[in-house]
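Atoms within each ligand, like the ligands themselves, are counted from 1 in listed order.
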Amino acid sequence: MNYETKNIRNVVLLGHSGSGKTTFAECMLFEAGAISRRGSVTEGNTVSDHTALEQERNNSLYASLMHAGWKSSKINILDTPGSDDFVGELVSSLKVADTAVFMLNARSGVEVGSEIQWEYAQNYKTPSIFVINHVDNDKADFDKTLEQAKNRFGNKVVPVQYPLRQGIGFNTIVDALRMTMYVFGPEGSKPKKEPIPDSEMERAKAMHNALVEAAAENDEGLMEKYFEEGTLREDDLAAGLRMAIATQSIYPVFCGSAERNMGSGRVMGFINDICPSPAERPEALLADGSTIKCDASAPTTAFIFKTVNENRVGNVSYFKVYSGSLKSGDELVNASNRSTERLGSIYLNNGKIRTAGDVICAGDIAATVKLRETQSNQTLNTKGTERQIETMNFPNSRIRTAIEPPGKAEMEKLMKALNHIAEEDLTLQVEQSRTLKQTLLHGQGQLHLDLIKTKVEKEHGIAMEFIRPRIPYRETITKQANEAYRHKKQSGGSGQFAEVHMRIEPSYEGMPDPAGLTVRKKEEVDLPWGGKLNFFWCIVGGSIDARFSNAIKKGIMNKMEEGPLTGSNCQDIRVSVYDGKMHPVDSNDMAFMLAASQGFKNAFNQSAPQLLEPIYELEILCSDDVMGDIMSDLQTRRAIIMGMGADGHYQKITARVPLAELYKYSSTLRSLTQGRAKFTRQFIEYAAVPNDIQKKLVNAHQTEMAEA
Ligand SMILES: Nc1nc2c(ncn2[C@@H]2O[C@H](COP(=O)(O)OP(=O)(O)OP(=O)(O)O)[C@@H](O)[C@H]2O)c(=O)[nH]1
Ligand SMILES: [Mg+2]
């Protein structure tokens with residue numbers, strides 16, 4: 001069956017881990033008749049959590065695409081993992097969703113994972129609705145959860161429903177939009193509709209009026225009608241709500257129990273009736289800043305938001321059609337690399353179950369296989385159009401680890417596997433660091449990296465061990481020194497001779513020229529690892545030929561790459577070469593390079609060298625009760641607290657911490673707070689390593705060199 005743009009609803013399920021997204025998705029599919037039996041997360045047989053790893057862990061690890069026909073709509077459902085470690089899945093799903101359904105847990109209230117995801121949804125300006133789930137839990141508190149949601153997400157959070165008899169006996173929902181009461185049988189599913197009893201009328205009416213007001217607020221015509229008649233007719237109310245949702249002027253709240261399959265049908269009805277189709281969203285942004293209209297009759301533009309490598313199938317590419325339509329056999333051109341892709345089969349997904357799709361219209365989401373040259377974040381167009389959908393931005397990595405290098409042959413295989421995984425997981429970076437002489441993985445958290453390890457081992461059959469990553473220290477100097485160095489060597493017939501006199505100083509912006517020297521030429525070299533070398537040629541009277549200046553600079557750069565203190569990169573140094581000697585026969589580039597290297601090293605050691613370490617700024621979001629533990633842990637990490645205070649009903653701590661003290665921070669924070677805190681980190685600056693630590697590091701390096 002082909003769906004038109006106006007009947008497409010792209011929905012992403014968001015919410016803290018355990019809030020019930022996967023269970024709710026299962027209800028949606030079951031209610032829509034897409035599956036005949038409702039699976040459960042604990043039994044490992046849901047449509048969404050279909051990978052072996054997810055079933056083992058009873059958690060979603062990947063976003064999965066499903067779809068359900070509901071009335072006239074095709075609802076595409078993207079179920080995301082709640083854990084912050086898999087934020088990449090959230091970013092790509094939000095990119096293509098037109099409505100976010102936030103699941104909240106009525107027992108635990110608004111949890112930190114939902115808060116962070118809320119920020120993402122706000123950045124994408126995604127219309128959002130809430131479902132307060134778990135109301136069948138004996139400790140469920142709908143009102144408190146609603147209050148917290150209003151507190152945190154603002155007064156546009158407006159309830160549509162509330163539960164009666166919440167807790168173990170829960171079976172009834174009062175719906176203030178329809179002014180109906182839904183009473184469920186023990187199996188949930190389709191409820192009986194009953195009139196709202198008198199005892200609930202006052203509350204239901206007040207809620208209804210609040211909804212009517214919210215619906216009228218955005219439209220003068222509706223507002224007038226509302227004032228005249230004191231209420232709105234059903235179709236006006238629907239039209240007002242449609243506008244309010246699409247413009248994020250209201251975030252309606254539903255309730256239910258996914259476990260008992262109570263409430264999902266009504267939410268799907270609302271998605272069908274009120275939530276925006278892709279064409280009712282603002283036009284999508286293109287990379288060049290212009291926008292694209294969701295118009296099925298325009299030339300085709302499709303964006304690959306996710307690629308998954310599947311056993312025996314190869315790459316499965318998930319795409320959203322932003323304009324036009326596509327079908328199997330179409331030829332499209334990749335806007336990034338100009339390659340032409342002839343589309344093979346088109347699939348509609350329900351987790352791992354794929355059915356053949358026909359024409360996929362603007363706004364719809366589907367998958368295809370065997371694209372040759374196209375990856376995630378790339379756009380395919382009808383020949384002759386060159387649009388590039390604005391690409392997805394993934395957050396900075398928050399954790400890194402090094403890999404114990406296996407043998408050479410194994411290493412090649414390992415790198416191939418890792419690069420393969422990094423192609424589908426855009427939050428994983430694989431770095432072969434020349435400076436640190438380590439292969440590093442950068443990711444979102446310990447769970448994320450552990451998952452990569454499991455994949456490498458299980459799917460690629462390669463053992464991979466994590467080891468502590470080295471710290472990219474830097475070396476610099478704090479005072480001036482002069483050094484005259486002569487390199488002289490007689491080997492066989494010809495000899496080597498070069499003498500270089502240099503002054504080295506810590507360099508900074510706006511620094512005056514070196515006193516007492518005549519500067520002939522200034523070069524500012526941007527070092528490949530960051531920072532600068534200012535190289536000044538101050539030779540007067542031809543004591544060294546200018547043709548040797550490059551060799552001298554190279555000698556200095558070599559030493560700067562492996563600094564004298566700990567073998568780390570050096571930065572922010574000015575070297576002025578002001579005198580020296582040449583030999584008419586024995587002087588050559590090699591001799592000057594060696595003289596400059598050694599001379600630089602000697603000068604460096606006399607210039608009060610200073611080791612620098614990377615400092616990261618952590619932003620930690622946590623609940624009050626775990627704040628003390630987080631703070632005392634930070635004290636042990638040489639942290640400088642930059643700020644601390646309430647952020648909604650959470651606490652936000654901002655602290656600067658040396659990278660060297662952040663090893664395994666993600667796991668520590670998780671176990672310290674039982675997952676009730678989240679953090680982001682960002683590189684801020686290089687700062688001086690304290691003296692005692694510098695001494696230890698230098699000694700350790702000397703010992704390592706002596707042993708090598
Ligand atoms: N009592 C009760 N349990 C529920 C409800 N919804 C989900 N659960 C249970 O809560 C657990 C977590 O549910 P999931 O559906 O896996 O939660 P999720 O939001 O998908 O979690 P992640 O995939 O980790 O983000 C499962 O054991 C469910 O059976 C509910 O409404 N009531
Ligand atoms: Mg899940």
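Nearest to atom 21 (O) of ligand 1 among the protein's heavy atoms is G18 N, 2.9 Å. With respect to atom 4 (C) of ligand 1, the closest heavy atom belonging to the protein is H134 CE1, 3.2 Å. Counting protein heavy atoms only, atom 27 (O) of ligand 1 is closest to T42 CG2, 3.9 Å. In this structure, the protein non-hydrogen atom closest to atom 9 (C) of ligand 1 is E259 OE1, 3.6 Å.
Polar contact check, D79 against ligand 1: no nitrogen or oxygen pair lies under 3.5 Å apart. The N/O atoms of F24, backbone and side chain alike, include none that comes under 3.5 Å of an N/O atom in ligand 1. The shortest N/O to N/O separation between G20 and ligand 1 falls below 3.5 Å. Residue contacts with ligand 1: T80 is placed with no nitrogen or oxygen under 3.5 Å of a nitrogen or oxygen of the ligand (distance criterion only). Not one N or O of S83 is nearer than 3.5 Å to an N or O of ligand 1, by distance alone. On a distance-only criterion, D136 and ligand 1 share at least one N/O pair closer than 3.5 Å. Considering both main-chain and side-chain atoms, K21 comes within under 3.5 Å of ligand 1 through a nitrogen or oxygen pair.
Below 4.0 Å from some heavy atom of S257 lie the following atoms of ligand 1, by number and element: 30 (C), 31 (O), 32 (N). Near T23, meaning under 4.0 Å from any of its heavy atoms, are these atoms of ligand 1: 7 (C), 13 (O), 14 (P), 15 (O), 28 (C). Close contacts of ligand 1 with V41, meaning ligand atoms under 4.0 Å from a residue heavy atom, involve 14 (P), 15 (O), 16 (O). Here is the list of ligand 1 atoms found below 4.0 Å of a heavy atom in G82: 22 (P), 25 (O).
K352 has no carboxylate O lying under 4.0 Å from a charged side-chain N of E310, or vice versa, which leaves the two without a salt bridge. Electrostatic pairing of R152 and D647 counts as a salt bridge here, judged by a charged N lying under 4.0 Å from a carboxylate O. Salt bridge annotation for D98-R9: absent, with no cationic side-chain nitrogen under 4.0 angstrom from a carboxylate oxygen. Under the 4.0 Å criterion applied to side-chain N and carboxylate O atoms, D625 and R676 are assigned as salt-bridge partners. A salt bridge links E56 with K458; the closest basic N to acidic carboxylate O contact falls under 4.0 Å. Salt bridge status for E187 with R260: absent, with no side-chain N to carboxylate O gap under 4.0 Å.
If you check the side chains of T180 and D175, you find no donor sitting under 3.5 Å from an acceptor. Between the side chains of T22 and T46, no donor-acceptor pair of N or O atoms lies under 3.5 Å.
Ring centroids of F254 and F270 are separated by less than 6.0 Å, placing the two rings close together.
Of all the heavy atoms in I403 and M464, the pair that sits closest is CG2-CG, 3.9 Å.
Checking S17 against the Mg ion (ligand 2), every N/O/S atom stays at or beyond the 2.8 Å cut-off. Backbone or side-chain N, O or S atoms of T22 reach the Mg ion (ligand 2) at under 2.8 Å.
Y162 carries R203 over the face of its six-membered ring, with the cationic atom under 6.0 Å from the centre and within 45° of the normal. With Y322 as the aromatic partner, K320 meets the cation-pi criteria of under 6.0 angstrom to the ring centre and within 45 degrees of the ring axis.
Using a 4.0 Å cutoff on heavy atoms, G15 does not count as a contact of ligand 1. Heavy atoms of N133 approach ligand 1 to within less than 4.0 angstrom. Contact between M103 and ligand 1 is absent, with no heavy atom of the residue lying under 4.0 Å from the ligand.
For P81, every heavy-atom contact with ligand 1 shorter than 4.0 Å involves the backbone, none the side chain.
Going from atom CG of L449 over to atom CZ of R398 covers 10.5 Å, rounded to the nearest 0.5 Å.
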